[in-house]
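Computed from a prediction, not measured in an experiment: that's the story for all the values here.
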Amino acid sequence: MSRPAPIHLHFSTTDPEVGNEALQQVYARARMGRVTDPATFRYSQDVQGDADLALGQMHFHGTVAGHLIQEQAFSVIAPIGGSVRWEIDDRRGTGHRLFLLQPGQHYYGESEHLSVDSANLGLPALEEIARTLYGDEHLRIGFTAPRPVSPAMAAHWKTTYQFVHESLTDPATAEIPLLRADLLRRMAVTTLEAFPLAGDPVARRVSVAARQAAYTQAVEFIHATLSLPITLEDVARHAGVSTIELTRAFRTHADTTPGAYLRGLHLAAAHAELRAADPGSGATVSAIAARWGFAHLGNFARHHRQAYGVNPAHTLRH
């Protein structure tokens, strides 16, 4: 799958019309309306990410009113300075509490010297993660209210946002696809947990708790029996779930499959044995690979090069 085009928006202006153009790069159907005193107006934005996940910090200096209609993304807004009074469809709010805007909803706000953190999660990406998380391939995402389910979950969302923002703005992290995928998943799962999902949230929480328990039991079993010739069916049986549900548990909690997780541990163990072995005593790459479940020497060498950057024979000799 190709990576969405990156978004890097760093901008500041004292012209309301130019500010509108910049804001519409983030929210296509947004417009700042009445600016009480144009002489005090200044708008700045710093947005990083892509269509799946974009994090922004925006500042509206002066007294500003505006509106937007959200399109193909969910937006979580966290006011961090100034004041705002908002309406989302028939809901209203004020203060520095988080609020959520969903696709198709209309937002109107009046603010004074407002600063916000924001997270835009693309609808397709959030829905795909939710379907994996809750084990429902046909789930359509919707939330019943714009406020978090509790102050504790609001605080958890903010903590996650800070971690993801710091990581996403680090160039070394931003260019690694696996790390970007992990940041997207963290932000998506926290948002799904923090706001009230439509449907049967109790059943979903039970499902997630059961999946967490299965994942924990599976990992403990794998580590305890690592040197034995166990199969994925053995792991699933120990965790009390099907192999399909076991895969869902690992994708949810480790963003990998149980087979890849087990292979990674076997590869690490084989690598450690290669480093400790004495080739003069008759140790061979093929014997060590076979001992750790790698029947095909070529596949073992490929995985070893991918993980450690050298052929296993080089590790054995050095």
Task: Min side-chain heavy-atom separation Arg263-Phe294 under 4.5 Å - done: yes

TODO: Hey, could you give me the OG1/OH distance between Thr191 and Tyr161, rounded to the nearest 0.5 Å?
DONE: 11.5 Å

Task: Any donor-acceptor N/O pair, Gln24 side chain to Ala30 backbone, under 3.5 Å - done: yes

Task: Point-to-point distance, once rounded to the nearest 0.5 Å, from CD of Glu110 to OG of Ser83 - done: 10.0 Å

Task: Min side-chain heavy-atom separation Ile69-Gln105 under 4.5 Å - done: no

Task: Reported OG1-to-CD distance for the pair Thr243 and Glu245, which is rounded to 0.5 angstrom - done: 10.0 Å

Task: Residues, nucleotides or ligands: over 12 heavy atoms within 6.0 Å of Ile244 CD1 - done: no

Open item on the list: Counting C-beta onward and ignoring hydrogens, is there a side-chain heavy-atom pair between Val241 and Gln217 closer than 4.5 Å?
Closed with: no

Open item on the list: Rounded to the nearest 0.5 Å, what separates atom CD in Gln102 from atom OG in Ser75?
Closed with: 10.5 Å

TODO: Find out if a path of hydrophobic residues (ILVMFWY) with successive side-chain heavy-atom gaps under 4.5 Å connects Val76 to Phe163.
DONE: yes

- [ ] Report yes if some heavy atom in the side chain of Phe74 is under 4.5 Å from a heavy atom in the side chain of Ile141; otherwise report no.
- [x] yes

Task: In one Ile/Leu/Val/Met/Phe/Trp/Tyr side-chain cluster, 4.5 Å: Met187, Leu197 - done: yes

TODO: Could you walk me through whether Arg42 and Phe60 pass the side chain to side chain contact (heavy atoms under 4.5 Å, CB included) test, one step at a time?
DONE: CA-CA 6 Å; Arg42 185 171 76 257; Phe60 303 82; over 6 Å; no

- [ ] Give the C-alpha distance, both sets of side-chain angles, the deciding distance and a yes or no for side chain to side chain contact (heavy atoms under 4.5 Å, CB included) between Val310 and Arg305.
- [x] CA-CA 5 Å; Val310 296; Arg305 285 195 301 271; over 6 Å; no

Open item on the list: Minimum heavy-atom separation for Gln48 and Leu168, please, with both atom names.
Closed with: O-CD2, 3.6 Å

Open item on the list: Hydrophobic clusters here meaning ILVMFWY residues chained together by side-chain heavy-atom distances under 4.5 Å, can you tell me if Tyr27 and Tyr108 are in one?
Closed with: no

Open item on the list: Evaluate Gln212 against His253 for side chain to side chain donor-acceptor pair (under 3.5 Å), listing each step before the verdict.
Closed with: CA-CA 7 Å; Gln212 173 69 63; His253 296 287; 3.1 Å; yes

Task: CZ (Arg275) with more than 12 external heavy atoms under 6.0 Å - done: no

Open item on the list: So Trp157 and Pro148, do their side chains get closer than 4.5 Å, heavy atoms only?
Closed with: no

Task: Check: Leu101 and Leu68 side chains under 4.5 Å, non-hydrogen atoms - done: yes

- [ ] In sequence, state the C-alpha distance, the side-chain angles, and the governing distance for Arg237 and Glu233, and then conclude on side chain to side chain contact (heavy atoms under 4.5 Å, CB included).
- [x] CA-CA 6 Å; Arg237 192 176 303 112; Glu233 286 71 23; 4.1 Å; yes

Open item on the list: Taking Leu226's backbone N and O only, do any of them form a donor-acceptor pair with His266's side chain (distance below 3.5 Å, no angle check)?
Closed with: yes

Task: For the student: nearest non-hydrogen atoms of Ala181 and Asp255, plus distance - done: CB-OD2, 4.4 Å

- [ ] Return the minimal non-hydrogen interatomic distance between Tyr43 and Ala22, and the atom names on each side.
- [x] CE2-CB, 4.0 Å

TODO: Using modelled atom types only, decide if a donor and an acceptor are shared between the side chain of Gln25 and the backbone of Leu9 within a distance under 3.5 Å.
DONE: no

- [ ] Using a 4.5 Å cut-off on heavy atoms from C-beta on, say whether the side chain of Leu114 contacts that of Val64.
- [x] no

Task: Qualifying residue for side-chain hydrogen bond (donor to acceptor under 3.5 Å, both in side chains) with Asp46, from Gln57, His165, His59, His10 - done: His10

Task: Atom CZ of Arg97 with >12 non-hydrogen neighbours under 6.0 angstrom - done: no

Open item on the list: Between the side chains of Glu17 and Arg31, is the shortest nitrogen-to-carboxylate-oxygen separation below 4.0 Å, so that they form an ion pair?
Closed with: yes

Open item on the list: Rounded to the nearest 0.5 Å, what separates atom NE2 in His67 from atom OH in Tyr107?
Closed with: 11.5 Å

Open item on the list: Within the supplied structure, the quantity of interest is the number of heavy atoms (other residues, nucleotides, ligands) at a distance under 6.0 Å from Arg131 CZ; does it exceed 12?
Closed with: yes

TODO: Check the hydrophobic clustering (I, L, V, M, F, W, Y; side-chain heavy atoms under 4.5 Å; chains of links allowed) and say if Val219 and Phe221 are grouped together.
DONE: yes

TODO: Please answer whether the main-chain N or O of Gly109 pairs with a side-chain N or O of Arg85 as donor and acceptor at a distance below 3.5 Å.
DONE: no

Open item on the list: Tell me whether Val235 shares a hydrophobic cluster with Tyr261, the cluster being built from Ile, Leu, Val, Met, Phe, Trp, Tyr side chains joined at under 4.5 Å.
Closed with: yes

Task: Asp52 to Ala125 - nearest heavy-atom pair and separation - done: OD1-CB, 3.6 Å

TODO: Any chance you could lay out the side chain to side chain donor-acceptor pair (under 3.5 Å) test for Glu220 and Thr216, step after step, and finish with the verdict?
DONE: CA-CA 6 Å; Glu220 290 175 350; Thr216 301; over 6 Å; no

TODO: Give the intermediate values and the outcome of side chain to side chain contact (heavy atoms under 4.5 Å, CB included) for residues Glu193 and Val149.
DONE: CA-CA 8 Å; Glu193 293 175 340; Val149 295; over 6 Å; no

TODO: Compare every heavy atom of Thr14 with every heavy atom of Phe41, then report the nearest pair and how far apart it is.
DONE: CD2-O, 3.5 Å

Task: Non-hydrogen atoms of Ile129 and Val189 that approach each other most closely - done: CG2-CG2, 4.1 Å

Open item on the list: Could you check whether any side-chain heavy atom of His304 comes within less than 4.5 Å of a side-chain heavy atom of Asn311, counting everything from C-beta outward?
Closed with: no

Open item on the list: To the nearest 0.5 Å, what is the distance between CD on Glu127 and CZ on Arg140?
Closed with: 5.0 Å

